[in-house]
Amino acid sequence: MASDHSVGGEEVISNKQVILRDYVSGFLRESNLYLTTSNIKLKVPEEESGKDAVLVKNLYLSCDPFMRGRLQGDLPPSKPELSSYSLGSPIVGYGVARVVDSRHSDFKKGDLVWGRTIGWEEYSLITTPEYLFKINHNDDIPLSYYTGILGMPGMTAYFGFFDIGSPKEGDRVYVSSASGAVGQLVGQFAKLIGCYVVGSAGSKEKVELLKTKFGFDDAFNYKEEHDLDAALKRYFPEGIDIYFENVGGKMLDAVLLNMRHHGRIALCGMISQYNLEQPESVHNLIAVLFKQIRMEGFAVAEYYDQYSKFLDFVLPYIKEGKIVYVEDITEGLESGPDALIGLFSGRNVGKQVVEVLQ
């Protein structure tokens with residue numbers, strides 16, 4: 001993209017952005033977002049606001065379920081990454097970018113980075129670069145993988161499964177929303193250590209993907225099951241040791257009835273609840289007491305200091321072809337809102353990514 005003009009000798013360029021028009025109630029609609037173009041200087045400001053800041057050209061943007069929560073206007077400002085988005089500003093998430101200018105000692109022009117606080121725009125000025133990771137890129141691995149298997153979703157799957165799930169060989173593992181960015185990895189990690197793994201998804205195509213591409217022992221389409229309790233008893237006649245929770249609601253209720261004593265539930269997400277104005281109740285929590293189940297939520301940011309440990313584990317498996325990853329990539333920032341909407345209706349197959357055209 002050519003620069004538009006210069007101001008004070010500094011290059012100024014047009015910057016396409018996806019802006020939040022109004023907060024979301026129920027399902028996200030395209031009318032909640034709009035596309036606009038502003039101008040941005042290709043230089044980090046010299047004043048205090050630019051101290052330690054990094055200016056990046058965004059390459060890939062990540063569509064993630066947690067973004068739905070930030071699209072509503074009633075989140076308490078406890079942590080910046082969990083607070084509501086600001087109306088009239090670009091929505092923010094994870095992404096992959098190239099450094100254009102930097103006043104931070106850890107980053108220099110030309111560096112490839114992934115991380116949080118990357119706006120849905122062509123260029124972003126990042127004033128909190130502590131959430132950025134430098135990429136030592138291997139040309140054999142797609143750069144987009146750093147929005148997924150080598151980024152936040154990969155770390156979520158790894159630490160959620162191994163740290164919260166505490167698996168051992170022979171464990172019976174159930175993964176909901178199993179064909180998504182995180183679920184497809186949890187199932188493969190479980191198979192690597194000798195677990196029996198069943199996943200659920202929302203279409204015949206996704207169920208086949210789980211069995212033929214990701215190596216799950218079995219899988220089912222939850223939309224075709226009128227009795228989730230009966231379905232789980234069919235696939236887990238001896239019960240479930242580890243449940244990796246991505247769905248919530250009725251699915252969680254059914255799982256609680258089928259957990260084994262001393263079972264573990266890693267609470268990663270509850271996508272079935274995000275678009276409901278009145279979340280569903282969970283009725284079978286007494287099973288947690290009687291079966292001595294450990295059910296624990298976790299935040300992947302708490303594990304960022306162990307990123308190198310995660311890479312040491314996953315990179316050899318990727319290079320050996322023992323772990324595979326499926327992405328659903330849509331091209332162009334203008335297609336971003338539709339891709340994000342599709343994430344919450346289950347339209348995507350695999351990790352949903354937006355490629356920002358050069």
Side-chain angles (χ1 to χ4, degrees), residues 25-28 64-66 68-69 72 75 156-157 160-161 163-167 171-187 190 195-204 206-207 210 216-300 343-346:
S25 178
F27 279 88
L28 173 65
D64 295 299
F66 81 88
R68 174 60 186 82
Q72 57 196 53
L75 292 182
T156 300
F161 180 63
D163 204 54
I164 309 298
S166 301
D171 274 347
R172 302 158 182 85
V173 178
Y174 174 50
V175 186
S176 58
S177 191
S179 66
V182 174
Q184 60 174 287
L185 294 173
V186 174
C195 296
Y196 168 76
V197 186
V198 176
S200 60
S203 72
K204 181 179 179 181
K206 293 178 181 179
V207 168
L210 293 177
F216 282 57
D217 293 287
D218 218 330
F220 64 93
N221 183 349
Y222 70 90
K223 293 179 180 178
E224 295 178 350
E225 300 292 345
H226 302 295
D227 185 337
L228 291 173
D229 177 33
L232 291 173
K233 283 181 167 58
R234 191 165 71 244
Y235 290 99
F236 295 96
E238 298 179 33
I240 300 167
D241 292 299
I242 300 172
Y243 173 44
F244 200 95
E245 165 69 301
N246 291 308
V247 172
K250 295 181 177 66
M251 182 63 80
L252 177 57
D253 243 349
V255 167
L256 287 170
L257 296 175
N258 288 275
M259 292 296 294
R260 291 165 60 87
H261 275 80
H262 300 288
R264 288 84 70 201
I265 298 176
L267 294 174
C268 176
M270 295 189 176
I271 198 168
S272 73
Q273 306 301 295
Y274 296 159
N275 298 308
L276 301 181
E277 295 185 20
Q278 184 62 45
E280 295 172 328
S281 299
V282 177
H283 304 283
N284 297 321
L285 284 173
I286 194 68
V288 176
L289 173 62
F290 291 151
K291 296 183 179 182
Q292 298 171 271
I293 298 166
R294 180 162 63 89
M295 183 162 61
E296 184 177 348
F298 65 100
V300 69
L343 181 73
F344 297 108
S345 63

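What you see is a predicted model, and the numbers here were worked out from it, not measured in a lab.
For Phe27 against Phe344, the heavy-atom pair with the smallest separation is CE2-O, 4.0 Å.
Under a 3.5 Å cut-off, the side chain of Asp241 and the backbone N or O of Val173 do not form any donor-acceptor pair. Counting only distance, with no hydrogens or angles, the side chain of Asp64 and the backbone of Phe66 share no donor-acceptor pair below 3.5 Å. No side-chain donor-acceptor contact under 3.5 Å links Ser177 to the backbone of Val247. The main-chain N or O of Glu280 is found under 3.5 Å from a side-chain atom of Gln273 such that the two form a donor-acceptor pair. Checked by atom type and distance alone, the side chain of Gln292 never pairs as donor or acceptor with a backbone atom of Arg294 at under 3.5 Å.
Here the side chains of Glu225 and Asn221 are not in contact, with every heavy-atom distance at 4.5 Å or above. Annotation: side chain of Leu252 is in contact with side chain of Tyr243 (closest heavy-atom distance under 4.5 Å). Met295 has its side chain out of reach of Met259: every pair of non-hydrogen atoms, C-beta onward, lies at least 4.5 Å apart. Two residues are said to be in side-chain contact when any heavy atoms from C-beta on lie closer than 4.5 Å; Leu232 and Phe220 meet this criterion. Residues Glu245 and Ser176 have side chains in contact (heavy-atom distance under 4.5 Å, counting atoms from C-beta outward). By the 4.5 Å heavy-atom criterion applied to side chains, Met270 and Pro279 are not counted as neighbours.
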Determine all donor-acceptor pairs shorter than 3.5 Å in which one atom belongs to a side chain in residues 281-290; sequence neighbours excluded.
| unit_1 | atom_1 | unit_2 | atom_2 | d |
| --- | --- | --- | --- | --- |
| Asn284 | ND2 | Asp253 | O | 2.9 |
| Asn284 | ND2 | Asp253 | OD1 | 3.3 |

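Sparse packing is recorded around NZ of Lys250, with 12 or fewer heavy atoms of other residues, nucleotides or ligands lying under 6.0 Å away.
For Arg264, the salt bridge (Lys or Arg N to Asp or Glu O under 4.0 Å) partners two or more places apart in sequence, or in a different chain, are Asp171.
Under the side chain to side chain contact (heavy atoms under 4.5 Å, CB included) test applied with Tyr196, the options Phe216, Phe236, Tyr174 reduce to a single match, Phe236.
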